[in-house]
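Taking it in order: structure first as structure tokens, then the write-up.
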Amino acid sequence: MKQNDIKEDTHFYIDNAPPKEVTNVLRVLSIDFDLTLKKISETLRDSYGFEMQKDYTYSPRRVFDLGLAEQNRKGSVVTYRLTEVGLKVQNMLGIDPALSMDLLHYLHYTGYTGFPHQRKYLWSYRRCCEILWANMRIISPSELASTIQAEMQDKFPWLDYGKKEGARFNSTAASCVSTWLRALDPPPVDQVGSPLLPRNIDRYEIALLALDETYCSSGYSYGDPVIMDDDFVQQVASVFFLDTESCKELLRIGSYINQSVKISETLTGASINLLKPFKIDNI
């Protein structure tokens with residue numbers, strides 16, 4: 001398929017796929033066989049006593065959009081099967097639920113890389129997080145939605161925003177981001193108007209994931225040494241809403257334990273060097 005033949009996604013709206021339902025769907029999927037939407041719903045009800053929402057397409061689709069499952073279609077029947085990354089996160093749900101929620105946030109945050117077919121609600125999710133971090137306070141869903149609406153049209157001016165089925169975003173979609181952030185442990189968000197709550201956690205792997213994302217989004221190449229000044233640490237910390245001092249400590253711990261990263265002292269301050277990619281597969 002040629003690049004010009006790829007249909008551009010215009011789905012900025014963050015669907016109602018809440019953490020509890022998404023994680024339950026992830027628990028029942030298999031890497032060995034496909035499950036239909038009906039089978040996913042029945043398994044959750046019969047084996048786990050969990051009732052999915054009336055429209056049970058949302059959460060399986062979210063798992064697919066995050067790269068945790070493959071989606072297959074045979075006529076009108078849609079099925080899902082775990083990917084290798086999906087299996088890793090599924091296993092983590094049983095071992096370390098708090099870490100698994102951080103990984104799901106990370107997949108939302110890093111999911112949009114600019115390809116036309118990608119779901120643009122992953123762009124919306126990240127921008128909501130970035131706006132909250134920049135404000136360092138919990139702004140209202142309506143204020144957040146207003147900012148996203150303006151940025152959508154500035155960032156993607158070629159889209160038709162007048163169509164009935166066109167790109168849209170509102171306060172309900174913004175609230176969905178807060179729902180996911182409240183599922184983190186500890187959560188960085190509280191009541192509207194309150195300060196953002198930078199997080200202290202004890203998993204250095206989270207800081208290395210954030211470091212990798214900062215390298216990728218800032219145009220650094222693996223192996224480039226970067227001075228760990230306040231701006232750089234803030235950028236790394238922002239991915240998971242980390243307290244900056246906690247983030248620095250986690251990066252130092254990571255440099256002692258993991259060969260992917262090194263920290264050196266220079267005349268201009270500490271320098272960090274991510275030597276190779278650090279993704280979910282490396283955890």
Side-chain angles (χ1 to χ4, degrees), residues 9 11 13-113 117-122 124-126 129 172-173 175-187 189 201 203 205-206 209 240 279-283:
D9 178 81
H11 199 92
Y13 188 87
I14 301 171
D15 294 315
N16 183 35
K20 188 173 183 180
E21 186 172 271
V22 170
T23 52
N24 272 297
V25 168
L26 187 58
R27 289 181 202 278
V28 301
L29 292 180
S30 172
I31 199 167
D32 298 318
F33 52 85
D34 291 8
L35 288 178
T36 64
L37 292 170
K38 182 179 180 182
K39 186 62 176 178
I40 292 170
S41 177
E42 289 176 347
T43 303
L44 283 174
R45 183 184 64 243
D46 298 340
S47 300
Y48 294 89
F50 181 84
E51 288 285 349
M52 295 182 71
Q53 60 186 302
K54 185 176 181 180
D55 188 338
Y56 45 73
T57 64
Y58 290 139
S59 292
R61 173 62 197 244
R62 181 68 59 87
V63 172
F64 165 70
D65 288 340
L66 297 179
L68 299 171
E70 298 173 352
Q71 183 191 71
N72 299 297
R73 293 178 180 271
K74 293 181 180 179
S76 61
V77 178
V78 181
T79 61
Y80 291 87
R81 177 190 296 236
L82 281 181
T83 60
E84 291 292 340
V85 176
L87 180 62
K88 180 123 188 178
V89 178
Q90 183 191 66
N91 290 335
M92 196 64 66
L93 278 169
I95 300 169
D96 191 337
L99 178 58
S100 68
M101 293 311 302
D102 272 313
L103 298 183
L104 288 169
H105 161 74
Y106 166 82
L107 291 169
H108 281 84
Y109 190 93
T110 61
Y112 183 76
T113 56
H117 67 281
Q118 287 182 310
R119 303 281 272 183
K120 288 188 173 59
Y121 76 77
L122 297 171
S124 303
Y125 181 98
R126 179 172 183 143
C129 292
T172 302
S175 294
C176 288
V177 177
S178 295
T179 299
W180 276 92
L181 297 182
R182 287 191 176 92
L184 300 179
D185 183 19
V189 296
I201 61 175
R203 294 298 298 251
E205 297 95 336
I206 292 301
L209 284 175
F240 290 96
K279 308 293 186 183
I280 289 178
D281 287 342
N282 302 112
I283 295 178

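Along the sequence shown, residues are numbered consecutively beginning with 1.
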With a 4.5 Å heavy-atom cut-off, do [X] and [Y] have their side chains touching?
X    : Y    : value
R61  : D15  : no
S59  : V22  : yes
S30  : L35  : no
L209 : F240 : yes
Q118 : T113 : yes
I283 : L103 : yes
L184 : V189 : no
I201 : L99  : no

To the nearest 0.5 Å, tell me how far [X] [atom1] sits from [Y] [atom2].
X    : Y    : atom1 : atom2 : result
T36  : I40  : OG1   : CD1   : 7.0 Å
E205 : Y106 : CD    : OH    : 13.0 Å
K20  : N24  : NZ    : CG    : 7.0 Å
F33  : L82  : CZ    : CG    : 9.5 Å
R62  : L68  : CZ    : CG    : 11.0 Å

Could you pull out all residues at least two apart from [X] that satisfy side-chain hydrogen bond (donor to acceptor under 3.5 Å, both in side chains)?
X    : value
D34  : N72, T79, R81
K279 : D212
R119 : D65
D96  : R203

Can you name the side-chain contact (heavy atoms from CB on, under 4.5 Å) partners of V78, sequence neighbours left out? Q71, R73, Y80
Mind listing the closest non-hydrogen atom pair of [X] and [Y] along with its distance?
X    : Y    : value
I14  : C176 : O-SG, 3.6 Å
L26  : G86  : CD1-O, 4.0 Å
S100 : L93  : OG-CD2, 3.1 Å
A69  : L29  : CB-CD1, 4.0 Å

So, T179 side chain and P18 main chain: donor-acceptor pair closer than 3.5 Å or not? no
Would you say the side-chain atoms of S41 pair up with the backbone N or O of L37, donor to acceptor, closer than 3.5 Å?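 No, S41 side chain to L37 backbone: no donor-acceptor pair under 3.5 Å.
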Anything under 30° is parallel, anything over 60° is perpendicular, the rest tilted; go ahead and classify H105 against Y109. tilted
Assess the residue pair K88 and N91 against the criterion (side-chain contact (heavy atoms from CB on, under 4.5 Å)); give the C-alpha distance rounded to whole Å, side-chain angles, the decisive distance to 0.1 Å, and a yes or no. CA-CA 5 Å; K88 180 123 188 178; N91 290 335; 5.8 Å; no
Using the rule given for side-chain contact (heavy atoms from CB on, under 4.5 Å), can you reason through M101 versus T23, listing the C-alpha separation, both sets of side-chain angles and the distance that settles it, and then say yes or no? CA-CA 9 Å; M101 293 311 302; T23 52; 3.8 Å; yes
Should L66 and V89 be marked as a side-chain contact (heavy atoms from CB on, under 4.5 Å) after you check the CA-CA gap, both sets of side-chain angles, and the distance that decides it? CA-CA 11 Å; L66 297 179; V89 178; over 6 Å; no
Please report, to 0.1 Å, the donor-acceptor pairs under 3.5 Å made by any side chain of residues 47-56, with sequence neighbours excluded.
from, atom 1, to, atom 2, distance (Å)
Q53, OE1, N16, ND2, 3.2
Q53, NE2, N16, O, 2.7
Q53, NE2, E21, OE2, 2.8
D55, OD1, T57, N, 3.1
D55, OD1, T57, OG1, 2.6

Is the centre of the H108 ring less than 6.0 Å from the centre of the Y121 ring?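 Here the rings of Y121 and H108 have centres that are no less than 6.0 Å from each other.
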